[in-house]
**Q** 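Following this message is one structure expressed as structure tokens.
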Amino acid sequence: MALPSQDSSQDARNGASCVSAPQSVCYRFDRLGFDQPERTFRLGIMGGTFDPIHIGHLSCAEQARVAFDLDAVVFMPAGTPVFKLNQQVTDAQARLDMCRLATASNPFFDVSPLEVEREGNTYTVDTLCQLRAYYPPNVELYFITGADAVLSIVKWRESERIADLAHLIAVTRPGAHISDAFKSNMAEMTRFDINYLEVPALSISSSMLRRFVREGNSIRYLVTYNVFDYICRHGLYSQAGGGGE
Ligand code: ATP
Ligand code: MG
């Protein structure tokens with residue numbers, strides 16, 4: 001697997017030019033890398049709005065964990081997602097709660113409140129800087145995202161810095177063929193270390209689930225049971241315009 005260049009970007013990767021380190025990242029993996037400095041650890045970061053978290057997100061993170069030998073995957077619900085400023089997003093605490101419920105049974109998964117607790121709009125580069133400043137250099141960061149989002153990532157604020165801070169795992173569905181031309185074009189256009197991974201087709205999205213609830217359709221089995229129960233108990237998504245488009 002190709003690694004991002006180790007030269008001029010070393011400062012950014014070590015957190016030297018970044019925001020200050022947070023006191024804690026998550027519950028289960030706060031000590032990752034600290035006790036074994038001679039070993040390299042791989043930390044997956046699954047970013048998203050998770051409104052709500054569904055089995056597509058969970059299976060995608062699990063497939064990525066196994067395929068890239070990740071030591072852990074941290075789900076990172078966005079506080080105020082910049083791509084969704086014009087739409088109503090469910091309260092951050094509820095999205096955080098649902099992520100915690102959905103991931104609790106997987107010992108390799110955890111949830112971080114970092115983005116939810118940070119003020120202002122959520123930018124991935126700020127999160128990666130905070131993670132880089134927190135973890136020792138023997139922890140490598142792998143940002144997991146849908147392949148369709150890769151194109152927009154290269155246009156994100158300070159995308160070149162993101163390339164220096166983390167490897168990228170671009171998840172595709174079988175059949176959603178990504179051409180070699182696209183891959184080499186991406187490799188030429190950016191310094192990103194992009195690793196492509198096909199995961200079993202799961203054509204569900206949070207917006208589809210919100211619509212299902214609103215229309216009285218069932219989302220049972222499309223989210224974990226505890227998340228289903230949480231949504232029912234709190235009456236989420238049942239109002240038109242509540243928590244989504
Ligand atoms: P919305 O419909 O509200 O945009 P979403 O289902 O796309 O919700 P997000 O929170 O926007 O979920 O996405 C989080 C991450 O999960 C993104 O990287 C996205 O590409 C990925 N993702 C979303 N749905 C799936 C799925 N069914 N299978 C695999 N990955 C998914
Ligand atoms: Mg989405």
Side-chain angles (χ1 to χ4, degrees), residues 44-68 70 73-92 94-103 106 109 111-116 121-125 127-128 141-156 159 162 166-176 178 192 194-215 217 219 221-224 227-228 231 236-237 241-245:
I45 300 116
M46 183 83 192
T49 314
F50 303 123
D51 191 13
I53 185 167
H54 54 67
I55 57 168
H57 299 133
L58 294 164
S59 63
C60 161
E62 179 69 357
Q63 302 284 317
R65 180 184 74 76
V66 173
F68 294 97
L70 305 178
V73 178
V74 173
F75 286 71
M76 188 72 71
T80 309
V82 277
F83 294 117
K84 298 188 178 176
L85 289 179
N86 58 353
Q87 89 181 47
Q88 200 181 339
V89 173
T90 302
D91 170 60
R95 291 184 288 111
L96 201 56
D97 288 347
M98 290 190 280
C99 285
R100 289 201 168 115
L101 289 169
T103 55
N106 187 329
F109 286 178
V111 182
S112 175
L114 220 52
E115 291 191 348
V116 163
N121 293 341
T122 302
Y123 292 101
T124 296
V125 67
T127 308
L128 294 175
L141 306 179
Y142 283 76
F143 188 73
I144 306 165
T145 186
D148 47 343
V150 166
L151 254 187
S152 64
I153 286 179
V154 302
K155 295 182 206 146
W156 279 0
S159 70
I162 295 179
H167 305 262
L168 219 61
I169 298 176
V171 185
T172 66
R173 293 166 196 177
I178 297 201
F192 277 101
I194 308 178
N195 306 276
Y196 295 89
L197 173 71
E198 277 197 356
V199 296
L202 276 165
S203 55
I204 60 174
S205 64
S206 301
S207 36
M208 177 208 253
L209 299 190
R210 294 193 298 273
R211 180 167 48 81
F212 271 28
V213 175
R214 211 166 50 237
E215 294 173 355
N217 205 333
I219 62 165
Y221 308 121
L222 298 177
V223 295
T224 59
V227 169
F228 175 73
I231 290 170
L236 297 182
Y237 312 120
E245 61 276 9

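One-based numbering along the sequence shown. First listed ligand is number 1; within each ligand, the first listed atom is number 1.
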**Q** Side chain of T145, backbone of A170: donor and acceptor closer than 3.5 Å?
**A** no
**Q** Which pair of non-hydrogen atoms, one from E115 and one from A78, has the smallest distance, and what is that distance?
**A**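 Looking at all heavy atoms of both residues, the closest pair is OE1-CA, 3.1 Å.
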**Q** How would you list, by chain and number, every residue that makes a salt bridge (charged side-chain N to carboxylate O under 4.0 Å, His left out) with R65, sequence neighbours excluded?
**A** E62
**Q** Return the minimal non-hydrogen interatomic distance between T49 and R95, and the atom names on each side.
**A**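 In this case the closest contact between T49 and R95 is O-NH1, 2.9 Å.
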**Q** Please list, in number order, the atoms of ligand 1 under 4.0 Å from a heavy atom of R210.
**A** 3 (O)
**Q** Considering only heavy atoms of K84, which atoms of ligand 1 have at least one such atom less than 4.0 Å away?
**A**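 Ligand 1 atoms under the 4.0 Å threshold to K84: 1 (P), 3 (O), 4 (O), 11 (O).
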**Q** Quick check: V171 and ligand 1, any N/O pair under 3.5 Å apart?
**A**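 No - when backbone and side-chain N and O of V171 are compared with those of ligand 1, no distance drops under 3.5 Å.
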**Q** Relative to the heavy atoms of M46, which atoms of ligand 1 are at a distance of less than 4.0 Å?
**A** 15 (C), 16 (O)
**Q** Is there side-chain contact between P200 and Q63, with at least one heavy-atom pair below 4.5 Å?
**A** yes
**Q** Quick one: does any side-chain atom of R210 pair with a main-chain N or O of D51 as donor and acceptor, under 3.5 Å?
**A**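 Yes; judged by distance alone, with no hydrogens or angles, the pair exists.
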**Q** Which of these, A64, S203, G146, has its nearest heavy atom closest to atom 17 (C) of ligand 1?
**A**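 Answer by nearest heavy atom: G146.
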**Q** How about L202 and S59: do any of their side-chain heavy atoms sit closer than 4.5 Å?
**A** yes
**Q** Can you find a pair of side-chain heavy atoms, one from I53 and one from L101, that are under 4.5 Å apart?
**A**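 In short, these two side chains do not touch, never coming nearer than 4.5 Å.
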**Q** Geometry only, no angles: is M208 polar-contacting ligand 1 at N/O separations under 3.5 Å?
**A** no
**Q** Of all the atoms in ligand 1, which lie at a distance below 4.0 Å from a heavy atom belonging to S206?
**A**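 Counting atoms of ligand 1 from 1, those under 4.0 Å from S206 are 1 (P), 2 (O), 3 (O), 5 (P), 6 (O), 8 (O), 12 (O).
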**Q** Looking at M76, is its backbone amide N or carbonyl O close enough to the side chain of S112 to form a donor-acceptor pair, meaning the two atoms are under 3.5 Å apart?
**A**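 Absent.
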**Q** What part of C60, side chain, backbone, both or neither, has a heavy atom within less than 4.0 angstrom of ligand 1?
**A**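 Under 4.0 Å from ligand 1, C60 contributes side-chain atoms alone.
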**Q** Judged by non-hydrogen atoms, does S59 sit under 4.0 Å from ligand 1?
**A**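 The answer is no: ligand 1 sits nowhere under 4.0 Å from a heavy atom of S59.
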**Q** As an exercise, identify every atom of ligand 1 less than 4.0 angstrom from a heavy atom of G48.
**A**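 Every atom of ligand 1 under 4.0 Å from some heavy atom of G48: 10 (O), 14 (C).
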**Q** Pull out every atom of ligand 1 sitting under 4.0 Å from any heavy atom of G47, numbered as shown with elements.
**A** 14 (C), 15 (C)
**Q** Taking only heavy atoms of G56, which atoms of ligand 1 are found under 4.0 Å from at least one of them?
**A**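 Close to G56: 26 (C), 27 (N), 28 (N), 29 (C).
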**Q** I need the atoms of ligand 1 closer than 4.0 Å to a non-hydrogen atom of S205, numbered in the order shown.
**A** 2 (O), 6 (O)
